[in-house]
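Chain identifiers are assigned alphabetically (A, B, ...) following the order of the sequence lines, protein sequences preceding nucleic acid strands; residue numbering begins at 1 within each chain.
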Protein chains: 2
Amino acid sequence: MISGKFAITLHILTLLSKFPDDYLSSDFIAGSMNLHPVLVRKEIANLKKNNIVESKEGKNGGTRLLKSTSKITLDDIFKMTFDTVTLGFSKNKPNPDCPIGRQINENLENLYEDINQRIGLQLSGITLEDFSNKF
Amino acid sequence: MISGKFAITLHILTLLSKFPDDYLSSDFIAGSMNLHPVLVRKEIANLKKNNIVESKEGKNGGTRLLKSTSKITLDDIFKMTFDTVTLGFSKNKPNPDCPIGRQINENLENLYEDINQRIGLQLSGITLEDFSNKF
DNA sequence: AAAACTGTAACATTTTTTATTACTTTTAAA
DNA sequence: TTTAAAAGTAATAAAAAATGTTACAGTTTT
């Protein structure tokens with residue numbers, strides 16, 4: 001999965017930020033986004049791996065934030081849910097005998113690296129707290 | 001089609017820039033990227049619509065640049081091949097009774113608009129000539 | 001013990017992207 | 001003046017990616 005992860009994860013975290021003391025169930029969270037609870041749990045698994053949230057199993061279980069909303073940036077979320085933003089590559093092994101084909105992907109890669117650096121910089125200036133305050 | 005268009009179009013234009021006086025056939029171009037000629041012609045149709053290239057039908061026909069490589073920026077290409085860069089949305093109609101669900105897409109949209117503005121700014125500083133010179 | 005959860009793998013479905021075919025039109029050259 | 005080599009384009013097919021579902025094991029509270 002690539003697309004969707006960032007938006008789902010940010011949605012989850014925004015919800016958690018509004019109830020910092022409660023364990024929210026994947027069913028409750030899924031209800032807010034009209035999504036299957038299993039997909040929510042998959043993204044929560046990723047958040048746990050990154051020590052952003054903790055979960056409690058069993059009855060009355062659920063998930064809550066581990067870190068302060070002011071200590072989580074959108075760049076953190078970007079990095080843990082998205083590889084890189086790209087505008088596409090030449091995917092069918094371009095002709096190695098053509099000087100353009102031979103180098104196109106390398107040059108695209110360089111370009112996209114720049115783009116991603118700028119996006120990272122921008123997103124690192126926005127905390128989950130900032131984002132959550134918009135609601 | 002969304003993905004692929006930018007990379008394919010940039011590849012086409014880079015090739016054309018290396019032979020500014022020749023009409024290159026879609027078959028020749030497709031050969032450089034190991035792609036079906038029909039897909040190449042589709043992207044060329046888009047370039048023609050934007051007055052970047054012209055084509056000649058019939059035997060010995062093909063496509064060539066209409067504009068100077070120093071007058072075409074990567075932002076021009078971005079704008080004509082890509083809607084917007086996003087990190088995804090909540091696509092299943094999030095719950096309108098949830099304050100987060102109700103507003104999530106609007107807030108994501110705002111965020112992505114910023115991202116796209118910055119990408120546009122960056123790409124507008126790179127001409128086709130600049131890019132082509134890397135080969 | 002029952003109920004309400006999480007965790008996760010396997011599988012199914014849907015959507016998007018990419019590729020192909022088929023056929024029309026145009027032009028240059030033999 | 002016929003043939004070959006090209007573009008243009010619509011319709012369809014195939015492949016890949018994303019998303020959704022089921023099923024079931026494990027955990028914790030009541």
Could you label the plane-to-plane angle of the A/Tyr112 and B/Phe6 rings as parallel, tilted or perpendicular, counting under 30° as parallel and over 60° as perpendicular?
tilted
Between residues 48-66 of chain B and DNA chain C, which residues have a heavy-atom gap below 4.0 Å?
B/Glu57, B/Gly58, B/Lys59, B/Asn60
Residues in contact with DNA chain D, drawn from residues 100-108 of chain B - heavy-atom cutoff 4.0 Å:
none
What residues form a side chain to side chain donor-acceptor pair (under 3.5 Å) with A/Thr63, not counting sequence neighbours?
A/Ser55
Salt bridge (Lys or Arg N to Asp or Glu O under 4.0 Å) involving A/Lys56 - partner list, sequence neighbours excluded
none
Rounded to whole Å, how long is the line connecting atom CG of A/Leu47 with atom P of C/dG7?
11 Å
List in chain and number order the residues that pass side-chain contact (heavy atoms from CB on, under 4.5 Å) with A/Ser25, two or more places apart in sequence or in another chain; answer none if no residue qualifies.
A/Asp27, A/Phe28
Sorted by chain and residue number, the side-chain contact (heavy atoms from CB on, under 4.5 Å) partners of B/Lys18 (sequence neighbours excluded) come out as A/Ile100, B/Ser132, B/Phe135
Taking OH from A/Tyr23 and C1' from C/dG7, how many angstroms apart are they, rounded to a whole number?
17 Å
Given atom CG of B/Asp22 and atom C1' of D/dA6, what is their separation to the nearest angstrom?
15 Å
Distance test, side-chain N/O of A/Ser25 to OP1/OP2 of C/dC5, below 4.0 Å
no
Rounded to the Å, how far apart are A/Phe28 CZ and C/dT6 C1'?
17 Å
Atom CD of B/Glu43 and atom P of C/dT17: how far apart are they, to the nearest Å?
12 Å
Kindly state each residue pair satisfying side-chain hydrogen bond (donor to acceptor under 3.5 Å, both in side chains) with at least one member in residues 87-96 of chain B, sequence neighbours excluded.
none
Sorted by chain and residue number, the side chain to side chain donor-acceptor pair (under 3.5 Å) partners of B/Gln117 (sequence neighbours excluded) come out as none
Interatomic distance, B/Lys91 NZ vs C/dT13 P [rounded to whole Å]:
18 Å
For B/Asp27 and D/dA7, give me the distance from atom CG to atom C1', rounded to whole Å.
11 Å
Distances under 3.5 Å between protein N/O atoms and the N/O atoms of nucleotides 21-23 of chain D, please, pair by pair.
none

Which residues share a ring pair (Phe, Tyr, Trp, His ring centres under 6.0 Å) with A/Tyr23, sequence neighbours left out
none
Using the test side-chain contact (heavy atoms from CB on, under 4.5 Å), find all partners of A/Lys71 that sit at least two apart in sequence or belong to another chain.
A/Lys67, A/Ser68
Tell me: CD1 of A/Ile44 to P of C/dC5, nearest whole Å?
13 Å
B/Arg102: salt bridge (Lys or Arg N to Asp or Glu O under 4.0 Å) partners, not counting sequence neighbours:
none
NZ/NE/NH1/NH2 to OD/OE distance under 4.0 Å, B/Lys48 and B/Glu54:
no
